[in-house]
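Inspection log for the structure reproduced underneath, given as structure tokens.
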Amino acid sequence: MALRDIANAIRKAPAAPRAEAQLRWRFHHLAAGLASGQVSLEAVKLRLKRVIELFDDPMFGAPDCNKLLRAHTQAMNDFKEGQHYQRPEQLVEHLDQRALTIQVNAGGALGAHWGMGRLAKAPDIVTAFLSGKLDGEVGPPDRPLWITPYAGELQLLCIEASSRYVPAARRAEIARAVVDILGLAQVRPRNELIALVSQRTIGELTFVRPDDDARMLPVGPTAIEARGSERFRCWPTPPEIDPYGRTYSLDRASRDRSFRGKHGVPEAVRPRMSIREFGECVYLGPLDNRTFDDADDAYLKAIGVSEGCAGVLLALAEVTGL
């Protein structure tokens, strides 16, 4: 089986609009990463061969968009830590600023993950942090930690949220604003947001890349790190050169006001860190609802996807020979 065979199968399958939309942007990110040199042909072919293998397996389900989406998800999850951080450009800006990462406390899981021995609400997690009682890693195993410079509007929102006397309604507004700026489409209503700020600056957050022992700074993210992210975008698009990635604002007004698509904030990735490497832990608030002016069609248009799923697959087939 080849990518062309998958494209033909998708054309004949029953419509699945949501799955097809996700496939269009996921495969587009791989193609865009190839075109910009942010990901290697070897890495893309490795993942696509796994997609083809899974799609060709009759035990994996009927040959339609939903099966292809499952195949893509599994193939991207097969990436190990050493296969990340391959983007060639080095960061040159914001190196003197500390790093901010947002962690989502879904159902209290971060309490158990960070050594409290139980599920816990975000305010209790912050109290435990301030008492030096938390331990463990920030970020899931074999996955990159996403960071952004602790500056601008995000910094102001964190400072405001650090006050003990923030009304509940305002906390919900702060959480919503952070989700919007960072394009955190995966956050669900009632999830609590916690901000962690590193003790060291971004320029000091060097690490050893697992596959070749190279010491390096955080790097801009690619489709490899993004996996199935709903609002990732390859940034920048040629001819600009910006070593950081850029988040995708969920608010239409912010996107409309931006110059040349430069809404959101810079973002980078590196391996996960011990929670003891962070100097501040702030409870931002809960996401009160998930209603943003952020339709799939608008997102696809913004990142330059005009072809259907089959068309994107055929373009990848042409480039990769698969």
Side-chain angles (χ1 to χ4, degrees), residues 1-87 140-144 183 185-186 211 221-234 248 269 295-322:
M1 175 170 278
L3 289 178
R4 292 182 181 278
D5 299 316
I6 296 178
N8 289 332
I10 293 303
R11 285 194 176 112
K12 298 173 184 177
R18 176 59 177 166
E20 181 176 3
Q22 292 189 58
L23 289 166
R24 289 170 67 193
W25 68 63
R26 289 185 185 201
F27 286 118
H28 166 80
H29 292 325
L30 290 173
L34 273 176
S36 64
Q38 294 179 5
V39 297
S40 69
L41 179 59
E42 179 185 6
V44 173
K45 290 178 71 172
L46 182 66
R47 290 307 103 197
L48 291 179
K49 286 178 181 178
R50 180 60 172 153
V51 169
I52 293 170
E53 176 187 343
L54 291 169
F55 192 83
D56 196 33
D57 184 352
M59 300 298 291
F60 211 62
D64 57 17
C65 282
N66 289 310
K67 179 179 184 178
L68 185 56
L69 184 59
R70 292 194 302 272
H72 179 278
T73 299
Q74 182 62 58
M76 297 303 285
N77 285 340
D78 286 344
F79 265 107
K80 302 303 180 185
E81 180 70 358
Q83 295 169 306
H84 296 132
Y85 322 118
Q86 301 296 324
R87 187 166 168 177
D142 293 328
R143 300 288 185 92
Q186 74 276 15
D211 67 335
T222 71
I224 305 302
E225 288 86 13
R227 300 174 187 258
S229 175
E230 294 187 27
R231 289 299 180 264
F232 171 76
R233 56 176 174 164
C234 290
Y248 179 90
V269 289
D296 287 347
D297 287 347
Y299 170 61
L300 287 165
K301 181 179 179 180
I303 61 175
V305 184
S306 57
E307 296 279 356
C309 180
V312 177
L313 283 172
L314 290 174
L316 274 173
E318 186 72 24
V319 174
T320 62
L322 296 177

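Computed from heavy atoms alone, side chains included, the values below leave out hydrogens, waters and symmetry copies. Throughout, numbering of the chain's residues begins at 1 and tracks the sequence.
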Worksheet, complete the sentence: Between Ala185 and Glu230, the two heavy atoms sitting closest are CB-CB, 3.9 Å

Worksheet item: Does Gln86 reach the main-chain N or O of His84 with its side chain, forming a donor-acceptor pair under 3.5 Å?
Response: yes

Item to complete: Show the numbers, then the answer: is there a side chain to side chain contact (heavy atoms under 4.5 Å, CB included) between Met76 and Arg26?
Response: CA-CA 10 Å; Met76 297 303 285; Arg26 289 185 185 201; 5.9 Å; no

Worksheet entry | Residue pair Val39 / His29, side-chain heavy-atom distance below 4.5 Å | no

Response to the item:
Here the pair of heavy atoms bringing Phe55 nearest to Asp64 is CE1-O, 3.6 Å

Worksheet item: Quick one: ring-ring contact (aromatic ring centres under 6.0 Å, His included) pairs with a partner in residues 298-322, sequence neighbours left out?
Response: Trp25-Tyr299, Tyr248-Tyr299

Discussion item. How long is the straight-line distance from CD1 of Ile224 back to OG of Ser40, given to the nearest 0.5 Å?
Written reply: 7.5 Å

Would you give me the side-chain donor-acceptor pairs under 3.5 Å for residues 311-322, sequence neighbours excluded?
| unit_1 | atom_1 | unit_2 | atom_2 | d |
| --- | --- | --- | --- | --- |
| Glu318 | OE1 | Arg4 | NH2 | 3.4 |
| Thr320 | OG1 | Leu316 | O | 2.7 |
| Thr320 | OG1 | Leu322 | N | 3.3 |

Fill in: Euclidean distance, Arg24 CZ relative to Ser306 OG, rounded to 0.5 Å
8.0 Å

Worksheet entry | Residues forming a ring pair (Phe, Tyr, Trp, His ring centres under 6.0 Å) with His72, sequence neighbours excluded | Phe27

Fill in: Leu300 and His28: CA distance, side-chain angles, deciding distance, side chain to side chain contact (heavy atoms under 4.5 Å, CB included) verdict
CA-CA 9 Å; Leu300 287 165; His28 166 80; over 6 Å; no

Discussion item. For Ala2, is there any backbone N or O sitting under 3.5 Å from a side-chain donor or acceptor partner on Asp5?
Written reply: yes

Worksheet item: Which value, rounded to the nearest 0.5 Å, describes the distance between Cys309 atom SG and Leu23 atom CG?
Response: 4.5 Å

Item to complete: Measure the spacing between CG of Leu68 and CD1 of Ile52 and express it to the nearest 0.5 Å.
Response: 10.0 Å

Worksheet, complete the sentence: Scanning both residues in full, the closest heavy-atom pair of Asp78 with Gln83 reads O-OE1, 4.1 Å

Response to the item:
Closest non-hydrogen atoms of Gly33 and Cys234, given as atom of the first, atom of the second and distance, are N-SG, 4.0 Å

Practice prompt. Work out which heavy atom in Leu54 is nearest to a heavy atom in Ala71; give both atom names and the distance.
Written response: CD1-O, 3.5 Å

Discussion item. Taking Thr222's backbone N and O only, do any of them form a donor-acceptor pair with Gln38's side chain (distance below 3.5 Å, no angle check)?
Written reply: no

Discussion item. I'd like to know if Asp296 and Lys301 make a salt bridge, using a cut-off of under 4.0 Å between side-chain N and carboxylate O.
Written reply: no

Discussion item. Please give me the minimum heavy-atom distance between Ala16 and Cys65, naming the atom from each residue.
Written reply: CB-CB, 4.1 Å

Worksheet item: With distance as the sole test, does Glu225 use its side chain to make a donor-acceptor pair with the main-chain N or O of Tyr85 at under 3.5 Å?
Response: yes

Worksheet entry | Any donor-acceptor N or O pair under 3.5 Å, side chains Asn66, Arg18 | no

